Amino acid sequence: MSNNTFSGGVVIANPYPVNQVEIVQAPLPSKVVLPLQQRIGAEAKPCVSVGDRVLTGQIIAKTEDQFCVPIHASISGTVTAIDKQIIPHKSGLKSNCISIESDGQDEWIETQGCGHDFLHCDRQTMIDYVQRSGIVGLGGAGFPSHTKLSKATDCHTLIINGTECEPGVMCDDALMQHHPREVVRGVEILLHITGAKKAIIAIEDDKQEAYQSLLMFSHNDRISLVQLPTKYTSGAEKLLIKALLNIEIPSGGFAADKGVLCQNVSSTKAIYDAVIDQRPLVSRIVTITGDALTPINAEVRLGTSFEQVIGLTKVNSQAHDYRMGGMMMGVDVETTQVPICKITNCIFVNNKKPVQATKECIRCNSCNTVCPIGLLPQQLYWHAKGKNIDKCMDYHLLDCIECACCSYVCPSHIDLVSYFSFAKALSKKQETDQHKTDIARERFEFREYRLERNKQERAKMMAEKKQALKEKMAKDKQADSAQKDKIAQAMARVKKTKEDNA
Ligand code: SF4
Ligand code: SF4
């Protein structure tokens, strides 16, 4: 039986608690920047040009890649640029984006979905609405929801992930408190699409208001609400499945292989909007938290700059570091000019702190104890430090979810997770290099084979030609001698006739 928890992980009290979890409606931005490269799949191709007027919710870029969703204008206004801009990514690189300047109207496209009586709609129609509305996993993964739903053909249990991914992040908590009806209806839509027998909404036990709000609207026998002990990282999909259903998803395996589908609670609400109204995903709730500010949740249009969103908290100091995501798994951003994306669940505003000096590993075993995946981070660290990728693989490097629990507890302040992230990148590079080497070797071997084959074919052809020539010459010789014989015989006959007549 499951006890609704998992081994390992760390209990971290929210360092920035608030009394009331509200949602602030961020003002309409004067400009948005929308990246064309999404988390997964090919870069979308613009279907608008500079100077075009666009409406809120209008598709402005799309791709044929089945893993991708279209990109929608998040405000109405004019397309002012299609060029490279810095995006919130750990690479700090620029990527192609569409910039729109607002006309202040927020004029929407007309949309029509299945309506509230959605049961008359078939599965594929609903999945198409989800795809066309640009819904992806809003918990941080950014995986397109329609792809997950299309693959869920043999699903027995639906898990709605209402556990916050990191301490201090409150956007899902706020959503459950303020939109419980939409969440529960979204779960019913997912039950209809997947044909699952039951759905479990999983919430951590420190979110009592959210739990009570959902309880008020949850009257469906197939939907249950389950509270889990508040522990980081209970939001990780495989851990959640293990905690709730006692089902182990093996290394490299998927939840769908075991008949389980996980959806983030915010994605579930977005799916509700997509199916009922075909309302595209143009905004999301973002938690802004960290030092020297009172944390808030704000509903923000996609493409709004971090700068504008941080401005809602009245923080006005250069003495801060900013990161996208939470305190454990977030990514530092170099500039606050980067745009809010679908996976931006949190902006962390930290006072600049001196970096703690790293000491030698004292083999205390703390990291091994907290790893929720059951890996051995200490051993992984030694091999990653020595760039011994084969050994890292022996210690299941690729199963590491980069939760940073090990780094968090390390008394020597070793940034273990950075070593693992580096080792993964190195492994990928080696794989790519190996792949390139394999292709080059295959090409070389094929060329050698082709040359040898041509040589043999040519030799065979020459031998055949030579043989044919030989045969022809023999034939000609034979014909020649037969001709000579005939002439000799004719001459002998003439001679005989002459002699007879003499
Ligand atoms: S970062 Fe990786 S190794 Fe460290 S605790 Fe998390 S899963 Fe385990
Ligand atoms: S927690 Fe740090 S010091 Fe302790 S064993 Fe792990 S790496 Fe070494």
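In listed order, ligands and their atoms are each counted from 1. The structure displayed is predicted, hence computed values, not measured ones.
Neither the backbone nor the side chain of Val409 comes within 4.0 Å of ligand 2, counting heavy atoms alone. At a heavy-atom cutoff of 4.0 Å, ligand 1 is contacted by no atom of Cys367, backbone or side chain.
Other residues, nucleotides and ligands place no more than 12 heavy atoms under 6.0 Å from the NZ atom of Lys62. For Glu22, the CD atom sits in a packed shell: over 12 heavy atoms of surrounding residues, nucleotides or ligands are nearer than 6.0 Å.
Side-chain contact, Gln337 with Ser305: no donor N or O sits under 3.5 Å from an acceptor N or O. Side chain to side chain, Asn220 and Glu188 meet the donor-acceptor criterion of an N or O pair below 3.5 Å. Side-chain polar atoms of Gln85 and Asp83 form a donor-acceptor pair below 3.5 angstrom.
Scanning the protein heavy atoms around atom 3 (S) of ligand 1, the nearest turns out to be Phe420 CE1, 3.6 Å. The closest protein non-hydrogen atom to atom 2 (Fe) of ligand 1 is Cys400 SG, 2.3 Å. Ranking the protein heavy atoms by distance from atom 8 (Fe) of ligand 1 puts Cys371 SG, 2.4 Å first.
Short contacts between ligand 2 and Ser412, defined as distances under 4.0 Å to a heavy atom of the residue, involve ligand atoms 3 (S). Which parts of ligand 1 touch Ala404 is read off a 4.0 Å heavy-atom cut-off, strictly below it: atoms 1 (S), 6 (Fe). Atoms of ligand 1 lying under 4.0 Å from any heavy atom of Ile401, numbered from 1 in the order shown and given with element: 7 (S). Near Cys361, with a cut-off below 4.0 Å to any heavy atom, the atoms of ligand 2 are 3 (S), 5 (S), 7 (S), 8 (Fe). Taking every non-hydrogen atom of Asn365 and a distance limit under 4.0 Å, the qualifying atoms of ligand 2 come out as 4 (Fe), 5 (S). Below 4.0 Å from some heavy atom of Gln378 lie the following atoms of ligand 2, by number and element: 5 (S). Atoms of ligand 1 found under 4.0 Å from any heavy atom of Ile373, numbered from 1 in the order shown, are 7 (S).
Screening Leu312, Ile310, Thr313 for a side-chain contact (heavy atoms from CB on, under 4.5 Å) with Leu293, the sole residue that qualifies is Thr313. Between Val309 and the choices Ile340, Thr336, Val24, Ile296, the side-chain contact (heavy atoms from CB on, under 4.5 Å) rule is met once, by Ile340.
Residue contacts with ligand 1: Leu416 is excluded, as none of its non-hydrogen atoms falls under 4.0 Å.
Across Pro377, Cys364, Cys406, heavy-atom proximity to atom 1 (S) of ligand 2 is greatest for Cys364.
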Query - Lys148/Glu237 under salt bridge (charged side-chain N to carboxylate O under 4.0 Å, His left out): CA gap, chis, key distance, verdict - result: CA-CA 13 Å; Lys148 254 187 171 183; Glu237 186 173 287; 3.4 Å; yes
Query - Candidate pair Tyr16 and Asp291, rule side-chain hydrogen bond (donor to acceptor under 3.5 Å, both in side chains), full reasoning - result: CA-CA 8 Å; Tyr16 311 101; Asp291 300 331; 2.9 Å; yes
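For the atom pair CD1 (Ile59) and OG (Ser133), the distance works out to 8.5 Å, reported to the nearest 0.5 Å.
In summary, an N, O or S atom of Cys403 is located under 2.8 Å from atom 6 (Fe) of ligand 1.
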